[in-house]
Amino acid sequence: LRLCYRSASRVVAVSEAQKHWMEEAHLVKASRLRLLRSSRPLDPFLVLPLAPPQLGGDAPLRLLAYGRFTPQKGFDRLIRALGSLPGAPLRLELVGDGPQRPELERLARGEPRIRLSGPSDDIPARVKACDAVVIPSRWEPWGNVCLEARAAGRPVLVCAVDGLSEQVRDCGLVVEAADHDHQAEHALAAGLEQLWRTSTEQWNRWALAGRASARGAWPAYLEGWSRLLAEFP
């Protein structure tokens, strides 16, 4: 890594956490290191209506988790965490595909509150249909799923890893990112329980704060790249 990084004129970190890791590992000199928080066009998410759930009623809280079905994403932990709350009014949709799918299907077997939907080419529609987005990743240099959920005004539940922690500022819950699965699942279960016990007022505050924090992310990303490219003759 040091050899590759030192051969580059500039190195871009996609989050504060990644930048800090590069600095601590002495991978690149500060004069060649730039921070450009990752983003993508967010208009399909920014136009979604804000629709707080009817908390405290009979209707289940609709949770969405999506991404590659790999151990990094922690969906196995999420399934077990929800399973440890048998009486909780929660419904989880898992959207995606990948090598871990057979394991996730096995873990979710017999749990009617969990649905594995496979990949989707219309993620904004899936986000529109949910009340909150859960991101249980074991590690995540940035996390565009969190950015998309914020833009959509959907509160998030994330594990305290890398770029996820720095994205969640009064727009949801951050739970402990333990190395051991049992501890992580316990933390996620506590977060899920806190979600469905949240007041509508708090839900609205999270939704508005998340959307406000994401609104300028794509223009800022483009401007950052423009400044970086302007450094070269």
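Every value quoted in this text rests on a predicted model; they were computed, and no experiment measured them.
In this structure, Arg211 contributes its side chain and Phe45 its backbone to a donor-acceptor pair below 3.5 Å. In this structure, Trp142 contributes its side chain and Ser38 its backbone to a donor-acceptor pair below 3.5 Å. The backbone N or O of Lys128 lies less than 3.5 Å from a partner atom in the side chain of Arg154, making a donor-acceptor pair. Within the 3.5 Å criterion, the main-chain N or O of Val14 finds a donor-acceptor partner in the side chain of Gln18. Judged by distance alone, with hydrogens and angles left aside, the side-chain atoms of Arg34 form no donor-acceptor pair with the main-chain N or O of Arg10 at under 3.5 Å. One N or O on the side chain of Gln72 and one on the backbone of Trp139 form a donor-acceptor pair closer than 3.5 Å. Between the side chain of Glu93 and the backbone N or O of Arg62, no donor-acceptor pair lies under 3.5 Å. The backbone N or O of Tyr66 lies less than 3.5 Å from no partner atom in the side chain of Arg126, so there is not a single donor-acceptor pair. Side chain of Ser15 to main chain of Pro141: a donor-acceptor pair is present (N/O by atom type, distance under 3.5 Å, no hydrogens or angles). Here the side chain of Arg2 pairs no donor or acceptor atom with the backbone of Leu27 at under 3.5 angstrom.
A salt bridge is absent between Arg77 and Glu185: the closest approach of a Lys/Arg side-chain nitrogen to an acidic carboxylate oxygen does not fall below 4.0 angstrom. In this structure, Glu23 pairs ionically with Lys19, as a charged nitrogen and a carboxylate oxygen lie closer than 4.0 Å. Between Asp76 and Arg138 a salt bridge is recorded (basic side-chain N to carboxylate O distance below 4.0 Å). Salt bridge status for Glu223 with Arg227: present, with a side-chain N to carboxylate O gap under 4.0 Å.
In this structure, CG in Leu188 is found 11.5 Å from CD1 in Ile79, a value given to the nearest 0.5 Å. To the nearest 0.5 Å, atom OG of residue Ser213 and atom CG of residue Leu147 are 8.0 Å apart. The line from CG of Leu61 to SG of Cys130 is 9.0 Å long, rounded to the nearest 0.5 Å. To the nearest 0.5 Å, atoms CD1 (Ile114) and CZ (Phe75) are separated by 12.0 Å. Within the model, atoms NE2 of His26 and CZ of Arg6 stand 9.5 Å from one another, a figure rounded to the nearest 0.5 Å.
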TODO: Give the C-alpha distance, both sets of side-chain angles, the deciding distance and a yes or no for side-chain contact (heavy atoms from CB on, under 4.5 Å) between Leu192 and Leu78.
DONE: CA-CA 9 Å; Leu192 291 172; Leu78 177 57; 4.2 Å; yes
Open item on the list: Using salt bridge (Lys or Arg N to Asp or Glu O under 4.0 Å), reason through Glu16 and Arg37 one step at a time and then give a plain yes or no.
Closed with: CA-CA 8 Å; Glu16 286 280 3; Arg37 291 181 179 86; 3.2 Å; yes
Task: Derivation and outcome, side-chain contact (heavy atoms from CB on, under 4.5 Å), residues Val156 and Trp206 - done: CA-CA 9 Å; Val156 294; Trp206 281 341; over 6 Å; no
Task: Evaluation steps, side-chain contact (heavy atoms from CB on, under 4.5 Å), between Leu63 and Leu157 - done: CA-CA 10 Å; Leu63 305 172; Leu157 170 62; over 6 Å; no
TODO: Would you please test Arg40 and Glu148 for side-chain contact (heavy atoms from CB on, under 4.5 Å) and show each step?
DONE: CA-CA 9 Å; Arg40 52 153 295 175; Glu148 291 166 356; 2.9 Å; yes
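There is a path of hydrophobic side-chain contacts, each under 4.5 Å, that joins Leu164 to Leu64.
The nearest pair of heavy atoms linking Cys159 to Ser137 is CB-O, 3.7 Å.
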